[in-house]
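Here is the structure we will look at, set down as structure tokens.
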Amino acid sequence: MSILHIIAKHLDTNALTTLVARSSPNDGYVFIDDGVYVQLSKELLAFGARPVFVFAAHVEERGLSIVHSPAVTLINMTDLVNLTTRYTSSMSW
């Protein structure tokens, strides 16, 4: 069973590490709202090859377009809807 984690708040280093440790390698992660600040975290590397998505409009609203990390995929609303159909369930944080 794979879960799409939708994270809408900024997670500190400990929370990101815990999230990765307690979730499955088959899970996906979407960062929206203040969650997009994940791009600034060194802990982003903890996700390894797991799919990490960031909502592009929220990145732009926060002026983070310049710091886009190659470890994440920028998505729009259509992409988010498509992702929810690819995973067994979703969990909002």
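From a predicted model like this one, the values you see are computed outputs, not experimental measurements.
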Smallest separation among heavy atoms of Val52 and Ala71, with atom names |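 Answer, listing the atom of Val52 first, then Ala71: CB-O, 4.0 Å.
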
Nearest non-hydrogen partners of Asp33 and His58, listed with the distance =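 Looking at all heavy atoms of both residues, the closest pair is N-ND1, 2.7 Å.
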
Do side-chain atoms of Asp34 reach the backbone of His10 as a donor and acceptor pair under 3.5 angstrom?
->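 Absent.
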
When you measure from the side chain of Ser41 to the backbone N and O of Val38, does any donor-acceptor pair fall under 3.5 Å?
->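 Side chain of Ser41 to backbone of Val38, a donor-acceptor pair under 3.5 Å: no, none is there.
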
Within the structure provided, determine whether [X] and [Y] are in side-chain contact (heavy-atom separation under 4.5 Å).
{"X": "Ile7", "Y": "Leu19", "answer": "yes"}
{"X": "Phe53", "Y": "Leu83", "answer": "yes"}
{"X": "Asp27", "Y": "His5", "answer": "yes"}
{"X": "Arg50", "Y": "Val20", "answer": "yes"}
{"X": "Leu11", "Y": "Thr18", "answer": "no"}

Atom pair [atom1] ([X]) and [atom2] ([Y]), whose distance is rounded to the nearest 0.5 Å:
{"X": "Leu80", "Y": "Thr85", "atom1": "CG", "atom2": "OG1", "value": "10.0 Å"}
{"X": "Leu74", "Y": "Asp79", "atom1": "CG", "atom2": "CG", "value": "10.0 Å"}
{"X": "Thr88", "Y": "Asn26", "atom1": "OG1", "atom2": "CG", "value": "9.5 Å"}

I'd like to know if [Y] and [X] are part of one continuous hydrophobic network [Ile/Leu/Val/Met/Phe/Trp/Tyr, side-chain heavy atoms within less than 4.5 Å].
{"X": "Ile32", "Y": "Leu4", "value": "yes"}
{"X": "Met77", "Y": "Ile6", "value": "yes"}
{"X": "Val54", "Y": "Trp93", "value": "yes"}
{"X": "Leu40", "Y": "Val59", "value": "yes"}
{"X": "Phe31", "Y": "Tyr37", "value": "yes"}

Aromatic rings Tyr29 and Phe47: how do their planes relate, parallel, tilted or perpendicular, breaks at 30° and 60°?
->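 Answer is perpendicular, since the angle exceeds 60°.
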
